Amino acid sequence: MKEISKHYDPSETEPKWLKFWEKNNVYKFNPKKDGEIFSIDTPPPTVSGKMHIGHAYSYTHEDFIARYQKMRGKNVLFPFGTDDNGLPTERLVEKLKKVRASRMKRQDFIDLCNITLKEITPDFIEDWKKIGMSCDFSKIYSTIDDNCRRISQKFFIDLYRKQKVYRQEAPVVWCPHCQTAIAQAELEDKEAETFFNDIVFKLPNKKNLTISTTRPELLSSCVAVFVHPDDKRYKNIVGKKAQVPIFGNRVEIMADKKVDMKKGSGAVMCCTFGDKTDVEWFKEYKLPLAVSLDKAGMMTEKAKKFAGLLAKDARTRIIEDLKRKKLLLEQKKITHSLNIHERCKTEVEILNSEQWYVKILDQKKKIIELGEEIKWHPEFMRTRFENWIRGLNWDWCISRQRFFGIPFPVWYCAKCGAVLLADEKDLPIDPLSAKPKEECKKCGGSKFIPERDVMDTWATSSISPELALQLFYKDSEVKKMIPMNLRPQAHDIISTWLFYTVVRSQYHFENIPWSEVMISGHVLDSQGRKMSKSLGNTIAPQSIFEKFGADALRFWAAGRTLGQNINFSEEEIQAGKKFLTKLWNATRFVMMNLPKSYDYRKLDTKKIYPTDKWILAELQALIETATKSFEKYDYSSAKMAIEKFFWLKLTDNYIEIVKNRLYEEIPKNKKGRESAQFTLYSVLFALLRLLAPFVPFATEEIYQTFFKSAKDAKSIHLCGWPEVDERLFDKEKIKNGKILIEIVAAMRKHKAERGLSMKTELEKVEISCDNATKKIIKEMESDLKAVGNIKILKFANSKKFSVKIA
RNA sequence: GGGCGCGUAGCUCAGUUGGUUAGAGCAUCUGUCUUACAAACAGAGGGUCAGAGGUUCGAGUCCUCUCGCGCCCACCA
């Protein structure tokens, strides 16, 4: 055999096998191929420049499963796509190109987005290949491409026809920075310091009514004052009017149980809109609308002399004004939490505006039930899903007053306002450039106003099963592929992507979108903190590929139970690399001791030595454990079992024990050598296949270098999952191996304690044991004597097992 | 305030339905050039399983409470 390096070098092998897999279509999906289909609704990553370590962590998890299923003989549909429309993409382009969408012509900005995506997407996807994803990369969808626009619009029309989507003017969560409506799921909390201001409202009897507020700038929006119905202090003023300071208008004092008597003065102003309670009161008591903030977060004419100011500045000016007029009694510094927009961290407002909504509030119970039909891994993630649904307060607002997104295929009749939908045959369309082909069905009008809004990015990604399936199936074939087998994703988007997909699937197909979901955790830094750019504790996966290789990274990612967060640790990744070196060297050893073009299938299995039967039994147990674990999506248990077998059983013990049989040149023990050769070869080959889902590059390199002969599968990943050989099935032998290892350990300890070399000859070893144990040891006597270099092996009859060494 | 997860060796984590003396890797210490691997190998030390109570012949594991950490949600006047 030619000289082969003692070290395994991922930087050399990984790019080589990437090319090989692509060239040989190893992961290409053929819908017509035989075998049960296993379909995966791969998360389309949001195009963001570079893959981050969290991606690397959760995408490898799903790849473990995809590769396992493939080796089990399933026809695995593992598609790939990118999510690249909506606000996230707009923000990325604004950052990369240093532009502001709001200051550009609409079409220019859209063009720039498309150009930018073309520039950055290929590099972005490259990292997903580098990490060893076994997706079919030959067909990729992008959520902004023509086909996705078509499907997204088609499904919108479906929602409209099924009356699951409606347009309404109502208070909605609004981001003044992005100048668009957003959904509840896009909110984050932020702790902030502010002042709780005690402000004087005048009562008709000239007495003062103190109102506490953090938002004095909304005074001009005040439409009522509320007190608690049981509050004795205010009993006789309910129904009377209070005068709003500075602005002078009078508003009714009303009683409602939502008021907290203990908070502030126990009297609260209701503005349209300061918070969610204001919205509830507005609706319940049919209060008038008083808008003092515009879509950009600036004061309106309603705020009179404060008009045109930013809310923040208006607050300062109003406070000054109140102070001068002696209408500000006290300012208390408090910390409260407020809602910010997750994309830009701006404090959100509630604004009245016309938006498209998908009905979800009337479906809460149904969606929770659907969640129960899906199998969750881990199970507790379902609770998060249910909690989120129970807490929902708004229907899902899907319209965005933005630019780079999928347009609504809708016009409005200029005369009567009726909605006119585009014809499905014409999709995808942009209502801004296309014109309807018919007249208004309601009034016969022929003038139309196009919808300028675009859809929220989740409105498209929530039909990802269909986007993925359409890469390989016709429109008419999609329905029969639902539910798909698996949705893999991380836990942070249970309330968005996962939830919305269940909703959409129910509306379009009256079915769950997938039968199982697997939810990954996050990567934290070595101290368990969230990784963030501001903390400077992020790790680029690209630097890990370079330093340790993708396999080492994958090995690390397999080390934590599914659903749990993991602390980043370079030492752990180092350990993965060490494992590969060991695997490489163990293989080298085996191959050095095999004849050329060895065919393990030829050996008569009746001639297997007892010691060899032990390791084969261990292998059988391992295959069973690994299979069971993978079926439960518990890849970390599988990995751990494989690792322990390899290191503790195979290399530390079995190989050491049979070495001498292999070294023997004289054919007096030809059978012993052949049995060891057969065992080593078949154990290692099985082990390699068990490891292939975790470390696809290294196992491919080893397979191609040492195992593959002309008639074998062209890749380890096409070799199939190892199976237990019925002829060798004997689990009882595991117990025999335990006895053997115990004796070996005793001899090693004896030598180590005396500082002796492991080669040192032992004059006499005496084993005390019962007759049954003696029989077992006797069977393996020659191996035992050889590994310990024992001159005389003696037995003593005793119920208690012990080893005496002289 | 509610929900979920976590708390096991110095560190990172396993520990299946309760069942001998609680495991692994990293780190530490001692030794070994041993014809796969010295980035290796052999051995050793190291734990009141967060705390308290309970169920049980038996609890890291089941129940109750308390404490600590993390995440999600609510509160936002």
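Keep in mind that this is a model prediction, so the values were computed, not measured. Lettering of chains follows the sequences in order, A, B, ..., and the numbering in each one begins at 1.
Using a 4.0 Å heavy-atom cutoff across all strands shown, A:Q184 reaches sugar-phosphate atoms only and no base atom. Here A:T214 lies in heavy-atom contact (under 4.0 Å) with sugar-phosphate atoms only. Counting any heavy atom pair closer than 4.0 Å across all strands shown, A:S526 reaches no nucleic acid atom. If you check every strand for non-hydrogen atoms under 4.0 Å, A:D260 touches a base. Residue-level contact check: A:V259 touches the bases, meaning some heavy atom is under 4.0 Å from a base atom. Nucleic acid contact class of A:R560 (heavy atoms, under 4.0 Å, all strands): sugar-phosphate only. If you check every strand for non-hydrogen atoms under 4.0 Å, A:F226 touches nothing. Among the heavy atoms of the strands lying under 4.0 Å from A:N339 is at least one base atom, whether or not backbone atoms are also near. Contact annotation for A:S569: no contact, since no heavy-atom pair falls under 4.0 Å across all strands. Counting non-hydrogen atoms under 4.0 angstrom, A:K759 reaches the backbone sugars and phosphates but no base. Contact annotation for A:K577: no contact, since no heavy-atom pair falls under 4.0 Å across all strands.
Distance CZ (A:R384) to P (B:C72): 9 Å, rounded to an integer number of Å. When rounded to the nearest whole Å, the span between NE2 of A:H522 and C1' of B:C4 equals 15 Å. We find that CG of A:L562 is positioned 16 Å from P of B:C13, with the value rounded to whole Å. Going from atom CG of A:L187 over to atom C1' of B:A74 covers 13 Å, rounded to whole Å. Protein atom CG of A:N653 is 14 Å distant from nucleotide atom C1' of B:G43, rounded to whole Å. Nucleotide B:A39 holds its C1' atom 12 Å from the CZ atom of A:F548, rounded to whole Å. Rounded to whole Å, the distance from NZ on A:K639 to C1' on B:U12 is 11 Å. The nearest whole Å value for the distance from the CZ atom in A:R748 to the C1' atom in B:A44 is 15 Å.
Of the nucleotides present, B:C73 is the one that pairs with B:G1 by Watson-Crick or G-U wobble criteria, both distances under 3.5 Å. In this entry B:G46 has no Watson-Crick or G-U wobble partner, no candidate having both defining distances under 3.5 Å. The nucleotide B:C6 finds its pairing partner in B:G68, both defining distances of the Watson-Crick or G-U wobble pair being shorter than 3.5 Å. The base-pairing partner of B:C33, taking Watson-Crick or G-U wobble contacts with both distances under 3.5 Å, does not exist among the strands shown. Figure legend. B:G58 is base-paired to no nucleotide; pairs are counted as Watson-Crick or G-U wobble with both atom distances under 3.5 Å. Both distances falling under 3.5 Å, in either a Watson-Crick or a G-U wobble arrangement, occur for no nucleotide opposite B:G18.
In the set B:A77, B:C4, B:G3, B:G3 carries the atom at the smallest distance from any side-chain atom of A:N387. The side chain of A:D189 lies closest to B:A74, out of B:G3, B:A36, B:A74.
One C1' atom belongs to B:G18, the other to B:U35, and the distance between them is 50 Å to the nearest Å. Of the P atoms belonging to B:A38 and B:C6, the separation is 41 Å, rounded to the nearest Å. Comparing B:G70 with B:U12, their P atoms sit 14 Å apart, to the nearest whole Å. Comparing B:C69 with B:U34, their C1' atoms are spaced 47 Å from each other, to the whole Å. Using C1' as the reference atom, B:U55 and B:A42 are 46 Å apart when rounded to the nearest Å. When the P atom is used for both B:G19 and B:G58, the distance is 14 Å, rounded to whole Å. Distance noted for atom P between B:C71 and B:U28: 32 Å (whole Å). The same atom, C1', is picked in B:U17 and in B:G5; the two are 22 Å apart, to the nearest Å.
A 6.0 Å sphere centred on NZ of A:K364 holds more than 12 heavy atoms belonging to other residues, nucleotides or ligands.
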Open item on the list: Protein within reach of the bases, or only the backbone? For nucleotides 16-32 of chain B, mark each nucleotide 5' to 3' as B, S or -, using heavy atoms under 4.0 Å.
Closed with: -------SS-S----SS
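Between A:Y8 and A:W584, the angle of the ring planes lies from 30° to 60°, which puts this pair in the tilted group. Note: A:H61 and A:Y57 have perpendicular aromatic rings, judged against thresholds of 30 and 60 degrees for the angle between ring planes. Between A:H491 and A:H522, the ring planes lie tilted relative to each other; the angle falls in the 30° to 60° range.
Side-chain polar atoms of A:D525 and A:N567 form no donor-acceptor pair below 3.5 angstrom. Between the side chains of A:T346 and A:H341, no donor N or O sits under 3.5 Å from an acceptor N or O.
Both A:M381 and A:T561 lie near RNA chain B, and the one whose nearest nucleotide falls closer to the 5' end is A:M381. Both A:Q564 and A:V744 lie near RNA chain B, and the one whose nearest nucleotide falls closer to the 5' end is A:Q564.
A:H336 has a side-chain polar atom (N or O) that falls below the 4.0 Å cut-off from OP1 or OP2 of B:A77. The side chain of A:K749 places no N or O atom within less than 4.0 Å of a non-bridging phosphate oxygen (OP1 or OP2) of B:A42.
Between A:T60 and A:Y635, the closest side-chain pair of non-hydrogen atoms is not below 4.5 Å. For the pair A:K276/A:W394, a side-chain contact is recorded, criterion being any heavy-atom separation below 4.5 Å from C-beta on.
Closest heavy-atom contact between A:L524 and A:M531: O-CE, 3.7 Å. A:N197 approaches A:L328 most closely through the heavy-atom pair CB-CD1, 3.8 Å.
No hydrogens or angles were tested; on distance alone, nothing pairs the side chain of A:K6 with the base of B:C37 as donor and acceptor under 3.5 Å.
With a 6.0 Å cutoff to the six-membered ring centre and a 45° limit on the axis angle, A:K659 counts as a cation-pi contact of A:F589.
In this pair, A:Y663 lays its aromatic ring flat on the base of B:U35, centres within 5.5 Å and planes under 30 degrees apart.
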